[in-house]
Number of protein chains: 2
Amino acid sequence: MTTPVSIPERLFEQLKSAIFDGDIPVGSKLSEPELARDYQVSRGALREAIGRLEACRLVTRKTNVGARVVELSVENLLEIFQVRESLEGMAARLAAQFITADEIVRLESLLETHAHDIESSENQAYFQKEGDLDFHYSIVQASHNTTLFNLLCNDLYQLVRLYRYQFGMRSQRAKQAFSEHRHIVAAIKRGDGEMAEHIMRAHIRASRESVERIFIHESNDPLAAEVNA
Amino acid sequence: MTTPVSIPERLFEQLKSAIFDGDIPVGSKLSEPELARDYQVSRGALREAIGRLEACRLVTRKTNVGARVVELSVENLLEIFQVRESLEGMAARLAAQFITADEIVRLESLLETHAHDIESSENQAYFQKEGDLDFHYSIVQASHNTTLFNLLCNDLYQLVRLYRYQFGMRSQRAKQAFSEHRHIVAAIKRGDGEMAEHIMRAHIRASRESVERIFIHESNDPLAAEVNA
DNA sequence: ATTCATTAAATTGTCGACAATATTGGCCTG
DNA sequence: CAGGCCAATATTGTCGACAATTTAATGAAT
């Protein structure tokens with residue numbers, strides 16, 4: 001017995017993909033009649049889907065005017081990094097305290113997968129499109145704090161994905177980042193919460209600073225931004 | 001020209017109040033036909049309002065089954081405290097860095113109001129029903145990080161309010177908490193972010209530990225819980 | 001030509017009706 | 001009497017139509 005999926009739920013996922021892929025451009029208006037035609041659904045169902053997009057801050061709505069895809073800005077991206085540093089640092093510390101044996105196994109096998117991805121990929125602007133987020137997702141899950149999980153995985157990570165896709169961010173230090181992932185897992189495994197938090201924060205801070213350098217100081221090449229956190 | 005308010009928006013506020021006040025009991029089902037009758041609105045408008053309640057996690061929804069007011073638990077409350085310690089600590093640090101002169105004035109006048117409230121109130125289980133949250137709200141605002149603001153003020157504080165109302169939490173250390181508020185503002189005013197964060201974290205941690213003591217060790221009197229953070 | 005008012009078109013907001021699903025209660029069977 | 005099946009009922013999901021509002025298009029006046 002699989003959980004039933006309503007039309008708005010499906011639409012929500014479809015619209016997210018369309019936004020991530022740029023089929024619905026950033027900043028553009030979501031026309032209800034148009035989308036209802038395109039996706040062959042009633043406006044009611046569409047409106048509920050848009051409501052969910054609003055909830056995870058991918059679109060903003062104005063009464064009597066309509067919904068638009070959020071505008072991206074470096075300032076907002078840096079804000080998100082700041083919040084992530086704080087929350088994911090905490091997640092790493094809690095994970096070190098509460099992670100289960102089973103979760104450790106899964107986390108290490110995830111690392112193995114990523115290690116393989118790095119080896120097999122020729123160019124260095126490689127793997128972690130979702131893989132990196134998967135790692136962070138797993139850490140948050142291992143914290144066993146559902147409030148924290150909801151904030152990060154339901155809200156923030158959606159925006160992080162949007163920034164990655166839209167800015168076409170690629171890692172400039174993939175091996176470095178991967179190595180940090182390993183150290184984080186090692187610290188968690190031995191129950192060293194202090195260290196896990198410390199590395200995680202440094203890990204995310206490094207990404208933020210990379211973005212700052214690229215976008216603030218000389219922003220000619222936004223395609224080479226940082227992604228590995 | 002005042003911003004137009006749609007029916008779902010109004011309903012959202014009304015339902016929130018009804019939930020906070022216990023008119024719609026915690027854990028109970030939100031019957032669409034019943035509520036539509038009571039509030040004299042169509043089910044469509046009601047469903048959108050319920051969607052917003054779901055977004056800030058005051059209700060949970062199951063497809064084809066309906067919406068229920070969230071179940072409260074001490075575990076969840078402690079989770080929220082943990083997240084708040086992390087986020088509000090950061091907010092205090094950022095506030096020390098970015099607060100404007102105007103915001104400092106408003107913050108200090110808020111403190112004066114609270115000081116007066118404490119003086120004029122005879123019993124010690126006094127003032128801060130919303131006043132305390134107002135303080136924390138102001139600090140977050142002064143951080144000038146809109147992402148942080150959204151997470152705390154749109155999502156978490158709603159739940160905090162629900163816990164306060166439902167558990168009838170009262171401060172056991174109001175004067176102590178107020179003094180901590182003063183120290184936080186002082187640190188922010190002199191631009192000492194490290195100190196502001198440190199005090200804020202200790203402030204919230206103290207509240208969490210108070211709740212732990214009351215609910216975990218001997219929980220006979222949930223009415224005397226901690227509220228001042 | 002530019003601005004403003006007026007009107008026409010399009011879009012969003014709201015509603016009630018129908019379809020699909022879940023829940024309830026009764027009935028039958030073991 | 002317990003447990004499961006089936007019909008009846010109620011609730012949620014979905015849709016298309018109408019109303020309210022915003023946006024645009026048109027034209028008149030300065």
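Here the structure is a predicted model, which means the values were calculated and not measured. Naming: A, B, ... by sequence-line order, numbering from 1 per chain.
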Within the 4.5 Å heavy-atom criterion, are B:Tyr165 and B:Ile19 side-chain neighbours or not?
no

In whole Å, what is the span from the CZ atom of B:Arg43 to the C1' atom of D:dT11?
7 Å

Round to the nearest Å and state the distance from B:Glu9 atom CD to C:dG13 atom P.
10 Å

Between D:dT12 (C1') and A:Ile7 (CD1): distance, integer Å
13 Å

Exactly one candidate in A:His136, A:Arg84, A:Arg205 meets side-chain contact (heavy atoms from CB on, under 4.5 Å) with A:Met200; the answer is A:His136

Near DNA chain C, which residues from residues 46-70 of chain B have a heavy atom under 4.0 Å away?
B:Asn64, B:Val65

List the residues meeting side chain to side chain donor-acceptor pair (under 3.5 Å) with B:Arg61, not counting sequence neighbours, and say none if there are none.
none

Partner set under side chain to side chain donor-acceptor pair (under 3.5 Å) for A:Glu32, not counting sequence neighbours
A:Arg43, A:Arg47

From D:dG16, C:dG16, D:dG13, nucleotide with atom closest to B:Ser42 side chain
C:dG16

Please list, chain by chain and in numerical order, all residues satisfying salt bridge (charged side-chain N to carboxylate O under 4.0 Å, His left out) with A:Glu79, sequence neighbours excluded.
none

Report yes if the side chains of B:Leu46 and B:Tyr39 come closer than 4.5 Å at any heavy-atom pair, otherwise no.
no

Return the set of residues passing ring-ring contact (aromatic ring centres under 6.0 Å, His included) with A:Phe12 (not counting sequence neighbours), or none when no residue passes.
none

Would you say the side chain of B:His181 lies within less than 4.5 Å of the side chain of B:His203, judging by non-hydrogen atoms?
yes

So, with a heavy-atom separation below 4.0 Å from DNA chain D, the residues of residues 24-40 of chain A are none

